[in-house]
Protein chains: 2
Amino acid sequence: MSQKLFVSAQEVAEKAGVSRSAVSRTFTSGASVSPKTRQKVLDAAEALGYHVNHLARGLMRNESGIVCLIVSEIGTPYRSSLIRALTQQLQNSGKVAMLINTDRSDGSVDLALRQAIRYRADASIILSGLPDKSITDLCLKNGQRLVLINRDDDREGPLRINLDDEEAAARIATAFVRAGCKRLAFANSEAGTPSLMARERGFIAAAATLGMDVVVGRYGHTGYEAGRIVAQQLLTLKERPDAVFCATDLLACGFMDAARHQFSMSIPDQICVAGFDDIEQASWSSYQLTTFAQPVDTIAREAVSWLVEDGAALESRSVRLHADLVWRTSIRGG
Amino acid sequence: MSQKLFVSAQEVAEKAGVSRSAVSRTFTSGASVSPKTRQKVLDAAEALGYHVNHLARGLMRNESGIVCLIVSEIGTPYRSSLIRALTQQLQNSGKVAMLINTDRSDGSVDLALRQAIRYRADASIILSGLPDKSITDLCLKNGQRLVLINRDDDREGPLRINLDDEEAAARIATAFVRAGCKRLAFANSEAGTPSLMARERGFIAAAATLGMDVVVGRYGHTGYEAGRIVAQQLLTLKERPDAVFCATDLLACGFMDAARHQFSMSIPDQICVAGFDDIEQASWSSYQLTTFAQPVDTIAREAVSWLVEDGAALESRSVRLHADLVWRTSIRGG
DNA sequence: CTCGCTTTTGCAAGCGTGTGCAAATGCTGC
DNA sequence: GCAGCATTTGCACACGCTTGCAAAAGCGAG
């Protein structure tokens, strides 16, 4: 199409009767412009519908203002609430979020990071999978910052944010014991994510300290349906558990529904249930799930403030946050 | 910092012993390069870790490859599943999604569109609020395409995707009557969104045709908690309803929980419930909600295919999709 | 080998910005 | 009015890329 599309600083300059640099400086904070010309420029810009081209600006400044969010299972309650918090924080800091969905193949996190590099993203925040060492090196070499949330903890360079999964697992184990539970179980998926496995290990270890065994059920990938299936595995055992710690709230919801509707069990009288994440559904009156709250706002704040801070971003940093236990009625006592 | 950051096409050209244009052409599909030089370039690029700068490319081509998703309440099940589908489709078409959260102020949709213009987004998809006419004009004038999903339907220029809300409302009304229900109710929020109001109007109109009245309850903004409150309004009436159509599934979940746990009612024996959206929770065994399924994948496909299609994008277009009724057990019979 | 044709290649202009540098302007105090 | 200074302004180059254009190279036929 032959029509003139965007209006450039040049045109604004002409209309305002100033030089193009004056226009540029008007829209660059901290630049030297007299109030008079500044106003002339602003008027002309408004009249013409001018908007600074962030593509060109990013090209010049070597700083695009873009932050990539690399995430799978976007539709999941916990993930989407984290995305909400992150976009919020990013926008507060003048950044903008580029969302990359990695639900498909397995190398898709690497592909996503490549995309991030192409758009010269200032940083990438990874909520899913774990990228190749070679790619992360490429990112770092390209001056891109990396944040790993609830991912592996032995990585060089980036910021790693994790929760105190083991400590939480230990707390819930003692809570079960205090509630008089005798046969502990752990419900997990087969995803093998670091944080899920940390909860499993922590729970087993804590139980051992208290002189108890844990029976573990795992199935599929981390969601409601898997919770149901694991419930079927665990509740048909000869020694039926009377307490189960589910690796996530979604698993817990599936587990509770199966326990109640398929096995006609009463919670917490016949079995105590705990979860992790504190998704919205955990507070619904059908579940009233006792669970650990992911501090999503703190996570987001921590991540974003590290991204925008200009000093010493190359040294790797590890943040361990605390997950508060939210007491509801799926465990006796409390 | 003085270190060299990104590697440019120039450097790749030198290493490969060809001109810069050869490098450019190698990474531009449909350009004329001999297989021999092409391979030389690819090798050099791989060795140096080169990635095309999409900022610069977008600047030249006047086409950034960026599509803005403008959305509020990102953490909500329906919204997040739509985001999932949209990012998926966009990536399939070689586009990338920029996610803008408009949870905060009321003019934030306009702000978001401004941001979209700054990054020269090829298009914006709006899932929340409704932008100022002046801004949408600006977008269109700037060659940006606009998609409105479940928004107002009398807009010029953009693609509008809506569901057949009235028809769905009519279908559920007859379903209630067929189940023998006598006193119909509608549960809504106070958001006043076009689609919510269309469902309300449609339901009332259909009921009138069948010679029945509808009592309407509205509260707060569209979510679980509002559903509970509306249940308290409606179930304490002298003439307690025996059928309720909830404007969304979240409202329905809240309504069902209140009906069961606060009013000890049995569903569907004492009251039939229907929802809209078919979020994941609707299929959970605690709810088993009969509801209309938002065809999120179709919506996403429709939106994205219109965006990438190069012909005739300026004429405005309106698509009305059908919402299938998913029968579960929250209505008698079926 | 030469001619005519197609494919490949390099040159250079341009996309819309930011910014260092030097010239110009404004202001203060004599 | 003028020197001395701080502030503002314009010029011109750079950022990394695409692409039209013309020159160069390849290629088959005579």
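Labels below follow one simple rule: chain letters A, B, ... track the order of the sequence lines, proteins then strands, and each chain is numbered from 1.
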Test: ring pair (Phe, Tyr, Trp, His ring centres under 6.0 Å). Region: residues 123-142 of chain A. Which pairs qualify, not counting sequence neighbours? none
Global bending angle along the helix from dC1(C)-dG30(D) to dC30(C)-dG1(D), which compares the axes of five pairs at either end, to 10 degrees: 30°
Euclidean distance, atom CD of residue Q10(B) to atom P of dT18(D) [Å, nearest integer]: 14 Å
Exercise: do N150(B) and R160(B) side chains pair donor with acceptor under 3.5 Å: no
Spacing between L55(B) atom CG and dC17(D) atom P, to the nearest angstrom: 11 Å
Send over the distance from L59(B) CG to dA14(D) P, rounded to a whole Å. 17 Å
For E14(B) and dG16(D), what is the distance between atoms CD and C1' respectively, to the nearest whole Å? 14 Å
Under the ring pair (Phe, Tyr, Trp, His ring centres under 6.0 Å) rule, what pairs show up with a residue in residues 14-36 of chain B, not counting sequence neighbours? F27(B)-Y50(B)
Rounded distance (Å) that lies between atom C1' of dG16(D) and atom CZ of F27(B): 14 Å
H51(A): what forms a ring-ring contact (aromatic ring centres under 6.0 Å, His included) with it, not counting sequence neighbours? none
Produce the list of close N/O pairs, under 3.5 Å, pairing protein atoms with atoms of nucleotides 6-14 of chain C; give distances to one decimal.
residue: dT8(C); atom: OP2; partner: S32(B); partner atom: OG; Å: 3.2
residue: dT9(C); atom: OP1; partner: S34(B); partner atom: OG; Å: 3.0
residue: dT9(C); atom: OP1; partner: T37(B); partner atom: OG1; Å: 3.1
residue: dT9(C); atom: OP2; partner: S34(B); partner atom: N; Å: 3.1
residue: dT9(C); atom: OP2; partner: T37(B); partner atom: OG1; Å: 3.1
residue: dG10(C); atom: OP2; partner: S19(B); partner atom: N; Å: 3.0
residue: dG10(C); atom: OP2; partner: S19(B); partner atom: OG; Å: 3.0
residue: dG10(C); atom: N7; partner: R25(B); partner atom: NH2; Å: 2.9
residue: dG10(C); atom: O6; partner: R25(B); partner atom: NH2; Å: 2.8
residue: dC11(C); atom: N4; partner: S21(B); partner atom: OG; Å: 3.3

Quick test of your reading: applying side chain to side chain donor-acceptor pair (under 3.5 Å), list the pairs with at least one residue in residues 31-43 of chain A, sequence neighbours left out, ordered by first then second residue. S34(A)-T37(A), Q39(A)-D43(A)
Would you say R57(B) places a side-chain N or O within less than 4.0 Å of OP1 or OP2 belonging to dC17(D)? no
In whole angstroms, how far is the P atom of dC17(D) from the CD atom of E63(B)? 17 Å
Name all pairs fulfilling the salt bridge (Lys or Arg N to Asp or Glu O under 4.0 Å) condition that reach into residues 77-87 of chain A, sequence neighbours left out, sorted by first residue then second. none
Give me each pair satisfying ring pair (Phe, Tyr, Trp, His ring centres under 6.0 Å) with a member in residues 110-145 of chain A, each pair once, sequence neighbours excluded. Y119(A)-H54(B)
Suppose we screen for salt bridge (Lys or Arg N to Asp or Glu O under 4.0 Å). Which residues come up paired with R61(B), at least two apart in sequence or across chains? none
Could you tell me the separation between the CD atom of Q39(A) and the P atom of dT8(D), rounded to a whole number of Å? 15 Å
Does a side-chain N or O of Y50(A) approach OP1 or OP2 of dT17(C) to a distance below 4.0 Å, or not? yes
Roughly how many Å is it from NZ in K40(A) to P in dT8(D), rounded to a whole number? 14 Å
If we count only N and O atoms by modelled type, under 3.5 Å, do the side chains of S128(B) and E73(B) hold a donor and an acceptor together? no
